[in-house]
Amino acid sequence: MQSSVYILYTGGTFGMKNTTEGLQPSTWDEIIAYLPAIKNQNYFHYYSEIDFTFDTFEPVVDSSDITPNDWQRIAQSIEKNYDQHDGFIIIHGTDTLAYTSSALSFIFEHLTKPIVLTGAQLPIFHPRTDGIVNLSNAIYIAGYKHFSLPCIPEVCICFNDDVLRGNRAVKTSTNDFEGFSSPNFDNLAHLEQNITINTHLLQKNTNLPLDIKSTFSHRVVNVTVFPGYNPEILIDLVSKGKLEGIVLRTFGAGNLPSGKRWDDLFTTCKENNTIILATTQCPNGKIELGQYALSNVLKNAVVVDGKDITPEAALTKLMWVIGNYPYAERIGMLSRNLRGETS
Ligand code: ASP
């Protein structure tokens with residue numbers, strides 16, 4: 001069956017070349033010229049029954065330079081092309097890919113089409129690149145109609161033969177081809193010799209029209225608690241009205257060092273409409289307030305239990321909720337599992 005796929009290249013190692021200053025991204029035209037030729041036609045000719053639309057950031061970036069403004073740009077490109085295409089591929093650097101996939105998952109509500117993020121650990125110009133496999137796998141997921149595969153109507157990451165939910169994934173290796181993992185949720189699909197899509201895990205189609213909200217608050221911080229940590233600096237910042245949200249990365253199942261000024265922090269948060277999203281520093285498992293005595297202090301109206309959310313999803317969810325909802329609705333929104341980001 002004929003299918004249409006939109007590909008947006010933003011940069012990242014996938015298309016990087018060695019320069020005197022280190023690896024830097026090259027343009028989409030350079031990449032197209034380099035991709036393996038099949039019968040003298042370019043790589044994409046192999047998928048002759050898929051209509052591709054190619055788009056590129058200008059300039060292309062190392063993903064360490066990606067900003068919430070870029071999440072909006074990506075979302076606008078997808079929105080503009082949504083009706084005409086069956087699926088979307090975003091080629092992105094791996095460093096902040098899980099932030100972008102989490103942010104996009106919150107931006108788009110009631111998705112009916114796949115938005116697939118991919119990248120590479122070795123550039124496509126390298127003889128052992130993983131970029132070709134990753135892109136080819138992404139084409140199968142985004143061009144699912146042509147390959148008679150089930151649709152994954154979600155923002156997902158396609159990397160090293162796995163498809164992970166975008167807001168469940170974390171970058172776990174700087175060099176392994178398996179650069180991402182999904183510590184608290186099974187993979188949505190495996191692309192080995194056979195392709196297996198775990199349809200029972202997919203977000204359900206709501207039959208509601210696509211809804212797009214893409215404002216992100218910048219007045220947030222991500223704080224990792226450490227032995228002896230005291231929240232003095234946070235109290236100071238919140239009391240000066242500088243913070244609307246705090247991701248507080250606690251020990252284990254939600255524990256904090258005792259005898260510190262936590263209650264003062266929460267009172268100051270209440271006075272300044274600041275919300276705390278409590279998460280765990282552990283890659284696996286979740287917050288369980290009350291399991292240990294030292295987590296009871298977090299049972300406070302300004303604190304939301306982040307359960308098993310990833311650090312990337314926690315930060316982007318907090319920024320997104322603050323950006324798009326009035327204060328009175330924020331605690332409720334943050335407590336809900338909005339896009340499958342918590343169990
Ligand atoms: N620094 C690169 C980037 O995030 C790393 C990569 O793509 O793997 O753009």
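Counting starts at 1 for both ligands and their atoms, in listed order. The structure presented is a predicted model; accordingly, all values stated were derived computationally and were not measured.
In terms of N/O distances under 3.5 Å, ligand 1 is not approached by H92. At least one N/O-N/O distance between T94 and ligand 1 falls below 3.5 Å. Residue contacts with ligand 1: D62 is placed with a nitrogen or oxygen under 3.5 Å of a nitrogen or oxygen of the ligand (distance criterion only).
The contact set between ligand 1 and G12, taken as ligand atoms under 4.0 Å from a residue heavy atom, comprises 7 (O), 9 (O). Each of the atoms 2 (C), 5 (C), 6 (C), 7 (O), 8 (O) of ligand 1 lies under 4.0 Å from some heavy atom of T13.
Residues L23 make up the rest of the hydrophobic cluster containing M16, defined by ILVMFWY side-chain heavy atoms closer than 4.5 Å, directly or through other members.
Using a distance-only test at 3.5 Å, with no hydrogens or angles considered, a donor-acceptor pair links the side chain of T274 to the main chain of L243.
Heavy atoms of A120 found under 4.0 angstrom from ligand 1 belong exclusively to the backbone.
Among all non-hydrogen protein atoms, the one lying nearest atom 9 (O) of ligand 1 is S63 N, 2.7 Å. The protein non-hydrogen atom at the shortest distance from atom 1 (N) of ligand 1 is D95 OD2, 2.8 Å.
Between I212 atom CD1 and S214 atom OG the span is 8.0 Å, to the nearest 0.5 Å.
Under a 4.0 Å N-O distance rule, the pair D308/R168 qualifies as a salt bridge. In this structure, K113 does not pair ionically with D86, as no charged nitrogen and carboxylate oxygen lie closer than 4.0 Å. At a threshold of 4.0 Å, the pair K17-E30 counts as salt-bridged, since one of the basic side-chain nitrogens sits closer than that to a carboxylate oxygen.
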